[in-house]
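Chain A is the first sequence line, chain B the second, and so forth, proteins listed ahead of strands; every chain is numbered from 1.
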Number of protein chains: 2
Amino acid sequence: MGKCEQCIIKQFNSLKSLTKDELMRISSCKTSKTIKKGEVIFEEGDTLNGVYCVKDGVCKLSKLSENGKDQIVKMVVKGQLLGQRSLISNESSNLQAVALNDMEVCFIPKSEIIADLQKNPKFSFDVLQDMAHDLKEADDIIVNMAQKSVKQRLAETLIYIHNNFGVNPDGTLSVLLSREDYASIVGTATESAIRVLSQFKKEGLITTVGKFIKIEDLNGLSRVE
Amino acid sequence: MGKCEQCIIKQFNSLKSLTKDELMRISSCKTSKTIKKGEVIFEEGDTLNGVYCVKDGVCKLSKLSENGKDQIVKMVVKGQLLGQRSLISNESSNLQAVALNDMEVCFIPKSEIIADLQKNPKFSFDVLQDMAHDLKEADDIIVNMAQKSVKQRLAETLIYIHNNFGVNPDGTLSVLLSREDYASIVGTATESAIRVLSQFKKEGLITTVGKFIKIEDLNGLSRVE
DNA sequence: AATAAAATATGATATTAGTCATGATTTATT
DNA sequence: AATAAATCATGACTAATATCATATTTTATT
């Protein structure tokens, strides 16, 4: 099993602020896991006994609305932590986490994280900055949901995925989402998401290869109204 | 000028975790301000040089959407802190803050807060918990925006204000919002907000006394579809 | 008190997005 | 390879909400 001290992934998240000692202690109590595409990492309401450090893959965080539809609130990729919020609030999770492709994660027990938060102000400040960033992103999503059309939201989602999660060698978006997932990010009906994607295709903004989507006109997409 | 050590307001926010020493230092460098209803506390893009501790009154935090409409993202009341997020991210504010009624606030300089965050793990953890709570609320708003109707969102807003900000002796909501503000919370056109309120009135769910709104049937409101 | 300005209210109409139905593809399973 | 199941796609129709127009009422200003 890999050692946290030497793991390059931690550079991308708050774990980088831990001391060598703290990292060694975490290394000795963490467990590595492989998670298959589609697998549920945790459910809404689950009590989390630690955080996950995502070494590879992507997952979606969603919440079930009262009308029975899932709303994707955030996507977590390689390098990020998963589950900090519930841990810090000492509450059960308000979100469900499902793997969007095969994942490699390390599970770090709660006790270790909490101890480090209380001892190491640098780590704690780093987690705080992470959370502040998430909160800002959430604010932006609220405004978009409230004020923009489905078309605009879907265009922005494509751009976001393109910019943040990258593309395959052939230029298609590397994170493969179903049309239902897109609908669930944008907050619309699956049929509406499909329709809008079809329209983008007709307008030459994107092309599709099976389920894969390739952005052909980033500028055009960003100007969608 | 009041002393932070003796101020009861701090019980309601993370400042309660500061030591007597830290509070005395803050007390000596803070400034008290009175802010009139409608006054802008800070603008989107402003660099904040500290946080505000709200001693009295309520303000709205909003963000200007690209279509020119303001979206209210959160309301901050007596007892809460204002401006922590930007301070922690070390970024300019992503939101505008406007007083909804006359306010009493204390302004605490950035340097002091940052120093305390770095020295006092208890304080830092407390701020972290606050932020985690805000993030959870933001998640809920995203889901509501995406999945619920204007009618449902407005009903929930009324209930939220009723439960969190209280009522006047005559039972009307103590926070007085314009119809435009309601629209801006719910994310709809002002006319739509007005229409829905009229409908609630016809259905006996609320009554209005001028601008004031009184919830007559809390149960009914929570069952709106 | 008179006037102007702003906020509230409501109708008519247009636009957006949701729902239901149905068919075509793609993917998984036997 | 054949079948079943899931996903994607599109049409027809409906419901929700936005927009524009115009009163009415309330609040601010002279």
Novice: Send over the distance from B:Lys37 NZ to D:dT27 C1', rounded to a whole Å.
Specialist: 11 Å
Novice: Between D:dT19, C:dT8, C:dG18, which nucleotide gets closest to the side-chain atoms of B:Lys69?
Specialist: D:dT19
Novice: Distance check needed: D:dA23 P versus B:Ile194 CD1, whole Å only.
Specialist: 17 Å
Novice: Measuring from the side chain of A:Arg179 (C-beta onward, heavy atoms only), which nucleotide among D:dA18, C:dT8, D:dA9 has the closest atom?
Specialist: D:dA9
Novice: Look at the side chain of B:Glu191 and decide which nucleotide, out of D:dA21, C:dT19, D:dT10, has an atom nearest to it.
Specialist: D:dA21
Novice: Whole-Å distance between C:dT19 P and B:Glu225 CD?
Specialist: 13 Å
Novice: Any pair with a residue in residues 182-200 of chain A that passes side-chain hydrogen bond (donor to acceptor under 3.5 Å, both in side chains), sequence neighbours left out, goes on the list, sorted by first then second residue, please.
Specialist: A:Gln199-A:Glu203
Novice: Send over the distance from B:Phe200 CZ to C:dT8 P, rounded to a whole Å.
Specialist: 17 Å
Novice: Would you say a side-chain N or O of A:Thr188 is under 4.0 Å from OP1 or OP2 of C:dG18?
Specialist: yes
Novice: Is any NZ, NE, NH1 or NH2 atom of the basic residue among B:Lys30 and B:Glu112 found under 4.0 Å from an Asp or Glu carboxylate oxygen of the other?
Specialist: no
Novice: Cut-off 3.5 Å, side chains only: do A:Ser65 and A:Gln71 have a donor facing an acceptor?
Specialist: no
Novice: Any Lys/Arg nitrogen of B:Asp126 or B:Lys16 sitting under 4.0 Å from an Asp/Glu carboxylate oxygen of the other?
Specialist: yes
Novice: Test for a donor-acceptor pair under 3.5 Å between the base of C:dG11 and the side chain of B:Arg195, counting only N and O atoms.
Specialist: yes
Novice: For the side-chain contact (heavy atoms from CB on, under 4.5 Å) test, which of A:Leu176, A:Val76, A:Asp181, A:Val77 pairs with A:Leu100?
Specialist: A:Asp181
Novice: Between atom CD in A:Glu180 and atom P in C:dT19, what is the gap in whole Å?
Specialist: 13 Å
Novice: Let's go through A:Asp139 and B:Lys63 carefully: what are the C-alpha distance in whole Å and the side-chain angles of both, what is the deciding distance for salt bridge (Lys or Arg N to Asp or Glu O under 4.0 Å) to 0.1 Å, and is it a yes or a no?
Specialist: CA-CA 8 Å; A:Asp139 285 346; B:Lys63 188 170 153 65; over 6 Å; no
Novice: Looking at C:dA7, I'd like to know if its phosphate oxygens (OP1 or OP2) sit under 4.0 Å from a side-chain N or O belonging to B:Lys211.
Specialist: no
Novice: Would you say A:Glu44 and A:Ser93 are linked by a side-chain donor-acceptor pair, where the criterion is simply a distance under 3.5 Å?
Specialist: no
Novice: Side chain of B:Ser192 only, please: which of C:dA9, D:dC20, D:dT17 is the nearest?
Specialist: D:dT17
Novice: Can you list, by residue number, the residues of residues 147-156 of chain A that have a non-hydrogen atom closer than 4.0 angstrom to DNA chain D?
Specialist: none
Novice: Distance check: side-chain N/O of A:Ser198 vs OP1/OP2 of D:dA9, anything under 4.0 Å?
Specialist: no
Novice: Please determine if a side-chain N or O atom of B:Lys201 lies less than 4.0 Å away from the OP1 or OP2 oxygen of C:dT8.
Specialist: no
Novice: Does the structure place the NZ or CZ of B:Lys78 under 6.0 Å from the centre of the six-membered ring of B:Phe12, at an angle of no more than 45° from the ring's axis?
Specialist: no
Novice: B:Leu176 has an atom CG; how far is it from atom C1' of D:dT26, in whole Å?
Specialist: 13 Å
Novice: Between B:Asp181 (CG) and C:dA7 (P), how many Å, whole number?
Specialist: 10 Å
Novice: Under 4.0 angstrom, heavy atoms only, what part of the nucleic acid is B:Thr190 near: base, sugar-phosphate, or nothing?
Specialist: nothing
Novice: Provide, to the nearest angstrom, the distance between the CD atom belonging to A:Gln199 and the P atom belonging to D:dG11.
Specialist: 12 Å
